[in-house]
Protein chains: 2
Amino acid sequence: MEFKKLYKGLSDGHRVRILNLLEDGPLCVCHLMEILSLDQVKVSKQLRYMKELGLVDGERQAQWMVYRLLEPEHPLLARNLECLREAGEAELPLVEDQKKRAAILERIERDQDPCPDLEGATCCAR
Amino acid sequence: MEFKKLYKGLSDGHRVRILNLLEDGPLCVCHLMEILSLDQVKVSKQLRYMKELGLVDGERQAQWMVYRLLEPEHPLLARNLECLREAGEAELPLVEDQKKRAAILERIERDQDPCPDLEGATCCAR
DNA sequence: ACGGTATATACCAAGTGTGGAATATACCAT
DNA sequence: ATGGTATATTCCACACTTGGTATATACCGT
């Protein structure tokens with residue numbers, strides 16, 4: 001991955017939050033909307049932008065689009081997210097986002113919500 | 001420093017090369033021009049941009065402007081530059097730039113070129 | 001085929017970054 | 001005061017990013 005594209009990806013708060021979430025595993029658009037409290041068009045646009053940068057990729061699962069990191073083990077990305085998480089709330093609610101993600105996954109498990117099948121676990125809540 | 005500004009700074013090849021050079025110590029514009037083989041206006045503009053981002057600051061020393069990192073110990077910046085240097089020539093000639101910088105400093109020492117006084121050493125070659 | 005849900009795209013306006021050419025400013029030496 | 005060197009700024013054009021609103025597409029269940 002070109003360094004330039006990585007940094008363009010990281011130079012926006014919403015995008016960093018999305019990358020941070022995807023680092024823990026794939027997610028569909030509706031969950032990203034829910035966690036970020038962002039409307040659908042904005043999320044879609046950011047995802048498209050990051051897809052063009054070569055940071056993420058999306059795959060259709062039934063009616064949902066499930067996004068994932070293109071290079072989940074990319075050391076520079078991982079390292080930067082780590083530092084940003086350590087920076088705490090003052091910068092971005094990254095750890096809080098991770099908790100919300102976990103809560104959503106639990107809810108899905110508990111309520112048997114229909115969701116695309118994804119590496120053993122389900123993804124979507126509605 | 002806001003993370004956003006750091007990444008905006010890093011998302012351009014010339015800027016990364018400048019930041020990498022300044023990490024080793026302050027430099028004046030003419031040396032940056034020489035090492036990057038870039039014309040004066042472009043260097044000045046990138047420096048201004050990074051000054052607005054809060055990444056660098058410039059101080060006049062006689063007829064020269066000497067630039068330095070605003071937060072030389074910033075861990076995220078240091079870490080990213082380190083990784084980019086390790087990435088090697090394919091991405092950016094960062095290590096080569098460092099060598100050029102050292103060569104210039106030697107040349108100054110040897111030829112007693114006039115330069116702004118800076119933390120003991122001199123800086124400018126002309 | 002139809003209506004609903006999830007997601008993407010198109011279009012337009014505003015803001016931001018980037019490049020080139022010309023010009024201005026600051027300082028030095030004489 | 002003058003001319004030279006180092007650096008910054010201005011202006012203009014162009015590409016990129018971002019936000020809003022509206023619309024289109026894809027898939028599902030019936």
Side-chain angles (χ1 to χ4, degrees), chain A residues 2 4-5 7-18 26-53 55-68 104 108 113-118 122-126, chain B residues 2 4-5 7-18 26-53 55-68 104 108 113-118 122-126:
Chain A
E2 284 172 54
K4 211 168 167 176
K5 301 192 169 182
Y7 294 124
K8 281 190 171 194
L10 288 171
S11 57
D12 173 276
H14 293 315
R15 287 198 293 269
V16 170
R17 290 176 70 189
I18 292 175
L27 274 183
C28 65
V29 179
C30 57
H31 288 158
L32 288 170
M33 291 169 58
E34 179 176 347
I35 298 174
L36 304 188
S37 301
L38 214 55
D39 63 82
Q40 183 260 317
V41 175
K42 273 184 206 149
V43 173
S44 267
K45 279 181 179 176
Q46 295 289 14
L47 287 168
R48 175 148 87 124
Y49 183 61
M50 290 199 284
K51 188 175 173 181
E52 279 161 4
L53 292 179
L55 297 178
V56 307
D57 197 17
E59 188 191 0
R60 184 170 284 279
Q61 299 262 350
Q63 65 241 246
W64 299 284
M65 283 294 292
V66 178
Y67 283 86
R68 62 182 179 84
I104 288 179
I108 294 170
D113 272 324
C115 262
D117 224 16
L118 208 62
T122 50
C123 157
C124 263
R126 275 186 278 269
Chain B
E2 283 172 56
K4 212 170 167 173
K5 302 192 169 184
Y7 293 125
K8 284 190 170 194
L10 288 172
S11 56
D12 172 275
H14 294 315
R15 287 197 292 268
V16 170
R17 290 176 69 190
I18 292 173
L27 274 184
C28 64
V29 179
C30 56
H31 288 157
L32 289 170
M33 292 170 56
E34 179 176 347
I35 298 174
L36 305 188
S37 301
L38 212 57
D39 64 80
Q40 183 260 317
V41 174
K42 273 185 205 149
V43 173
S44 266
K45 277 181 177 174
Q46 294 290 13
L47 287 168
R48 174 148 87 125
Y49 182 61
M50 291 199 282
K51 188 175 173 181
E52 278 161 5
L53 291 179
L55 298 178
V56 307
D57 197 17
E59 187 192 1
R60 183 171 285 278
Q61 298 262 350
Q63 64 239 246
W64 298 284
M65 282 294 293
V66 178
Y67 283 86
R68 62 182 180 83
I104 288 179
I108 293 170
D113 271 325
C115 261
D117 223 17
L118 210 61
T122 50
C123 154
C124 263
R126 279 184 276 269

Side chain to side chain, [X] and [Y], heavy atoms closer than 4.5 Å:
X: A:I18; Y: A:M50; value: yes
X: B:M65; Y: B:V29; value: yes
X: A:L10; Y: B:L10; value: no
X: A:Q61; Y: A:V66; value: yes

Whole-Å gap separating [atom2] ([N]) and [atom1] ([X]):
X: B:E34; N: D:dT7; atom1: CD; atom2: C1'; answer: 16 Å
X: A:L27; N: C:dT7; atom1: CG; atom2: P; answer: 11 Å
X: B:K4; N: C:dG15; atom1: NZ; atom2: P; answer: 15 Å
X: B:L53; N: C:dG17; atom1: CG; atom2: P; answer: 8 Å
X: B:L38; N: D:dT7; atom1: CG; atom2: C1'; answer: 14 Å
X: A:M33; N: C:dT7; atom1: CE; atom2: P; answer: 8 Å
X: B:L47; N: C:dT18; atom1: CG; atom2: P; answer: 13 Å
X: A:M50; N: C:dT7; atom1: CE; atom2: P; answer: 15 Å

Closest approach to the side chain of B:D12, judged atom by atom: which nucleotide of D:dT9, C:dT18, D:dC16 is it?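 Closest of the options to the side chain of B:D12: C:dT18.
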Given C:dT7, C:dG17, C:dG19, which nucleotide is nearest the side-chain atoms of B:K8?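 It is C:dG17.
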When rounded to the nearest 0.5 angstrom, what distance separates CD in A:Q63 from SG in A:C30?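 So the CD of A:Q63 and the SG of A:C30 are separated by 9.0 Å.
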Indicate yes or no for a side-chain donor-acceptor contact from B:R15 to the backbone of B:G9 under 3.5 Å, with no hydrogens or angles considered.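 Here the side-chain-to-backbone pair exists.
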Measuring to OP1 and OP2 of [N], would you say a side-chain N or O of [X] lies under 4.0 angstrom away?
X: A:Y49; N: D:dT17; value: yes
X: A:Y67; N: C:dA6; value: no
X: B:R48; N: C:dT18; value: no

Could you list the protein-to-nucleotides 20-28 of chain C atom pairs, N/O on both sides, closer than 3.5 Å?
unit_1: C:dG20; atom_1: OP2; unit_2: B:K42; atom_2: NZ; d: 2.9
unit_1: C:dG20; atom_1: N7; unit_2: B:K45; atom_2: NZ; d: 3.4
unit_1: C:dG20; atom_1: O6; unit_2: B:K45; atom_2: NZ; d: 2.4

List the atom of A:I108, the atom of A:H31, and the distance in Å for their closest heavy-atom pair.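 Scanning both residues completely, I find the closest heavy atoms to be CD1-CE1, 3.5 Å.
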